[in-house]
Amino acid sequence: MAIKLSLTNFFTTSNAGITFPLLLNHFVLPPIRRKMQTVNSPPLPTTSLPPPAVADHRHHLLLPTAASPTNIHQFKQLHANILRSGHEHSLSFLLSKLLSLPFPSPPSLDYILAVFLHSPHLDPRICHRALRTFSRAADGTHRALTAYAGMRRFDVEVDRFMFPTLLRAAARVSGGDGGLVRREVHGIVLKLGFPSDPFIQTALAGAYAAGGMIEDARKVFDRMLHKDMIAWNVMLDGYYQAGQYNDTLMLFEDMRNSGLIPNNVVLSTIITACGRTGNLAFGKEVHSYIVESKILIDEHIQSALIAMYCNCNSIRTAQNLYDQMSPKNLVASTAMVVGYSKIGKIEIARYIFNRMREKDLICWSAMISGYAESERPGEALRLFNSMLASGMSPDKITMLSVISACAHLGAIDLAKWIHIYADKNGFRGSLSVDNALIDMYSKSGSLTMARTIFEKQPERNVITWTTMITGLAMHGEGRSALELFNEMKAMGVEPNGVTFVGLLYACSHSGMVEEGRHMFKSMIFEHKIEPKHEHYGCMVDLLGRAKLLQEAHELIDSMPFPPNVVEWGSLLWACQNHGNVVLGELAARKLLELDSGHDGAYVLLSNIYAKANRWEKVEEVRRLMKGRAVSKEKGCSWVEVDGEVHEFLMGDECHSRSSEIYRKLDEIVKALEVAGYSPDVGSVLINLEEDEKKAAILLHSEKLALSFGLIGLTPGSCIRIAKNLRVCRDCHSFIKLTSMVFKREIILRDRTRFHRFMDGNCSCKDFW
DNA sequence: CTAGGGTTAG
């Protein structure tokens with residue numbers, strides 16, 4: 001009765017009884033006799049022994065060498081003897097010997113399975129041992145299922161102890177079959193009448209959870225009358241692994257309400273879940289609960305707490321806990337490294353990293369990605385080299401950080417090197433690594449290579465498409481970006497918020513106003529994606545570039561949340577380009593209300609006034625800026641020469657070839673003056689004489705980088721400059737002229753896009 | 001058995 005009820009409640013009748021014998025029967029190996037023909041056996045006596053009544057004590061008669069076989073060769077000889085002598089019932093003895101071996105190597109797993117499937121007598125104990133052997137082996141999943149299918153065909157009685165073991169194997173079957181196998185085993189459990197065995201239920205829930213079938217896991221879990229700690233932990237961990245952190249926390253509440261005292265394993269999971277969702281309140285509550293109930297805070301809990309506070313931006317609390325720890329453990333130290341990196345305190349992160357006595361791959365990766373994220377890609381790569389030198393080999397995640405660092409650096413030679421490295425070390429074909437490579441190549445100026453990898457990819461996810469779309473957009477190929485988007489939709493891949501950032505960006509930089517408006521609407525109404533700051537920022541930029549300043553302003557006013565510096569900044573930038581003083585003043589005021597130290601706001605507003613010949617206002621802005629001690633952020637540029645990346649700050653004299661660089665700069669300026677160049681001092685905001693302004697603007701970092709690039713240039717190659725800020729108008733025309741006068745192709749990458757200069761033209765369609 | 005690192009945008 002109970003069985004029937006479960007069946008109808010939980011399964012549709014169609015997938016309960018009908019499908020399950022089909023799927024498990026897939027797992028069958030070729031017949032054993034074929035296999036045995038390849039075994040070399042000694043000649044057998046022609047007269048066979050009488051079949052023993054009890055199959056245990058006479059087997060030594062069949063053994064070629066010793067009383068008990070110890071290696072696979074001896075097993076095979078024994079096996080051959082058994083078969084040829086017709087004592088097939090002795091296979092059980094052979095099997096039980098095989099199963100008592102400590103760790104069968106992979107080929108012998110198949111061998112065991114073959115013997116198993118051909119044994120005429122299988123008792124439940126042997127079956128369970130066989131299942132356990134297969135389920136425990138890393139690659140034993142399918143063999144366990146095959147063994148089970150075989151057992152059922154031979155009508156071996158299945159007892160309740162087998163299911164947890166079987167489910168452990170089923171839990172590892174991935175893909176579409178995984179779901180079917182789980183349901184099938186579930187169906188068998190119900191059919192055989194074990195639906196309320198707590199061990200089986202826990203294993204079932206665990207198997208469903210491991211396959212991401214979290215709702216099914218929950219259904220099984222909810223049916224359990226008696227839930228022990230393991231059951232709760234399985235369910236909590238299931239939600240946690242599925243990334244459903246809020247569900248994890250809610251279930252934890254249920255657990256506490258049920259009166260069960262959580263153990264350390266559960267607590268670790270909960271604390272980590274709090275960190276992942278940034279739920280500091282919950283985390284603190286759990287922390288006080290632990291302290292109040294005097295639960296022993298072991299290393300695991302302490303590390304989890306530290307990581308949680310780091311993730312919730314409470315680095316000081318984390319530091320306090322870390323200080324109390326002695327000796328410092330690897331996990332906690334890594335958490336601190338990540339915590340400090342995330343808030344931009346990379347030096348403190350490095351200090352902790354340096355003091356770690358032993359370093360594993362994870363802490364190396366954490367430090368590398370810390371640098372990559374902190375806009376210090378060069379340091380990230382140096383660290384990667386140290387890691388290799390220390391004998392550590394990267395895994396996929398390390399590679400992602402390193403590739404990302406290369407992308408930020410935008411150095412094509414390094415990009416090629418890391419690509420080759422990834423290929424040689426077997427990372428080719430990994431979806432996430434390929435995605436990172438596409439991004440790296442498009443950010444290094446090689447859209448062709450990016451596209452090549454993209455086209456070759458056997459599998460693409462939303463990140464793949466988004467990366468490629470954004471790559472095209474950065475290179476000014478707006479139309480192609482939109483075409484690719486259509487292709488993506490045709491393939492049935494659902495775009496996300498980031499995809500639309502790329503698309504709006506593409507529209508904005510290719511002057512496709514109508515398409516941009518359409519995209520924005522389609523995002524909201526067709527794809528049900530809530531527009532966020534970055535989308536509004538793109539739209540303001542798009543409208544602003546097209547001189548639709550009023551519409552841009554209206555859009556900002558219509559936002560459902562308060563506008564931020566990006567939106568006002570974009571509007572202000574547009575006002576400067578189109579010379580709108582009134583709206584510009586408004587945007588600058590709003591911007592400064594949000595961030596009184598925003599250097600760009602002063603610069604742009606001052607430029608707007610200068611354009612309108614309102615010099616008294618220019619003076620006022622400068623005084624205001626001086627009074628608030630705001631200074632323009634120093635620009636920083638990199639240039640790659642002979643595969644090496646050189647970094648320049650504004651007015652930098654640190655480079656070992658500094659004097660040479662400045663000589664070259666003079667030479668360029670003289671040549672450009674002949675061609676009609678005169679420094680545009682509009683963006684120099686300090687109170688200087690005209691001549692001093694001209695001198696100051698010639699020290700911009702991209703000009704230094706360009707000069708150095710021209711010194712070391714081999715014929716035919718081009719100069720690639722990466723700049724981490726917006727390029728000023730003067731530098732833009734400076735580079736344009738240089739490309740003409742010196743007959744060089746120059747590629748400039750600023751924070752958001754590429755400018756390709758050739759013969760005095762620039763590929764970008766921006767306003768200069 | 002649990003805890004620490006990752007790819008797209010900003």
Side-chain angles (χ1 to χ4, degrees), chain A residues 206 229-230 233-234 236-237 240-241 262-273 275-276 297-308 310-311 318 322 328-339 341-342 352-353 356 359-370 372-373 387 394-407 427 430-440 442-443 450 460-471 473-474 495-505 532-538 564-567 569-570 751-752:
Chain A
M229 185 70 72
I230 306 285
N233 189 35
V234 160
L236 288 166
D237 198 57
Y240 174 77
Q241 298 292 344
N263 67 4
N264 283 13
V265 179
V266 169
L267 287 170
S268 290
T269 307
I270 297 307
I271 294 165
T272 313
R276 294 279 163 96
I297 300 187
D298 62 7
E299 247 186 284
H300 294 295
I301 299 264
Q302 184 85 345
S303 308
L305 283 170
I306 290 171
M308 188 270 291
C310 283
N311 281 329
Y322 185 64
K328 315 289 186 213
N329 120 8
L330 190 59
V331 176
S333 303
T334 307
M336 292 305 293
V337 167
V338 173
S341 303
K342 283 220 172 100
I352 295 171
F353 177 80
M356 289 170 74
K359 299 186 175 74
D360 66 358
L361 187 56
I362 296 184
C363 77
W364 278 101
S365 303
M367 194 67 237
I368 290 171
S369 87
E373 294 274 301
M387 188 190 98
D395 67 359
K396 202 166 88 180
I397 296 177
T398 321
M399 289 307 295
L400 291 176
S401 298
V402 175
I403 295 170
S404 163
C406 278
F427 295 102
S430 152
L431 178 59
S432 48
V433 171
D434 280 353
N435 290 346
L437 287 174
I438 293 175
D439 181 54
M440 175 185 75
S442 58
K443 284 186 179 149
R460 293 172 192 160
N461 63 8
V462 62
I463 295 182
T464 318
W465 290 95
T466 302
T467 306
M468 198 62 238
I469 287 171
T470 308
M474 281 196 305
N496 64 20
V498 185
T499 318
F500 279 99
V501 173
L503 288 165
L504 293 175
Y505 184 82
K532 296 203 285 191
H533 276 300
E534 44 269 39
H535 304 111
Y536 282 105
C538 284
N564 68 2
V565 290
V566 177
E567 285 109 21
S570 295
R751 185 167 283 180
T752 51

A correct 5'-to-3' footprint of nucleotides 3-10 of chain B, with B, S and - meaning base, sugar-phosphate only and no protein heavy atom under 4.0 Å, is BBBBBBBS
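Under the rule for a side chain to side chain donor-acceptor pair (under 3.5 Å), Asn233(A) has no partner lying at least two apart in sequence or in another chain. Listed by chain and residue number, nothing satisfies the side chain to side chain donor-acceptor pair (under 3.5 Å) test with Asp434(A) (two or more places apart in sequence, or in another chain). Partners of Tyr322(A) under the ring pair (Phe, Tyr, Trp, His ring centres under 6.0 Å) rule, at least two apart in sequence or in another chain, do not exist in this structure. Looking at residues two or more places apart in sequence or on another chain, you find no ring pair (Phe, Tyr, Trp, His ring centres under 6.0 Å) involving Phe427(A).
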Return all side-chain donor-acceptor pairs below 3.5 angstrom for residues 397-405 of chain A, not counting sequence neighbours, or 'none' if the list is empty.
unit_1: Thr398(A); atom_1: OG1; unit_2: Ser365(A); atom_2: OG; d: 2.9
unit_1: Thr398(A); atom_1: OG1; unit_2: Asp395(A); atom_2: N; d: 3.4
unit_1: Thr398(A); atom_1: OG1; unit_2: Asp395(A); atom_2: OD1; d: 2.8

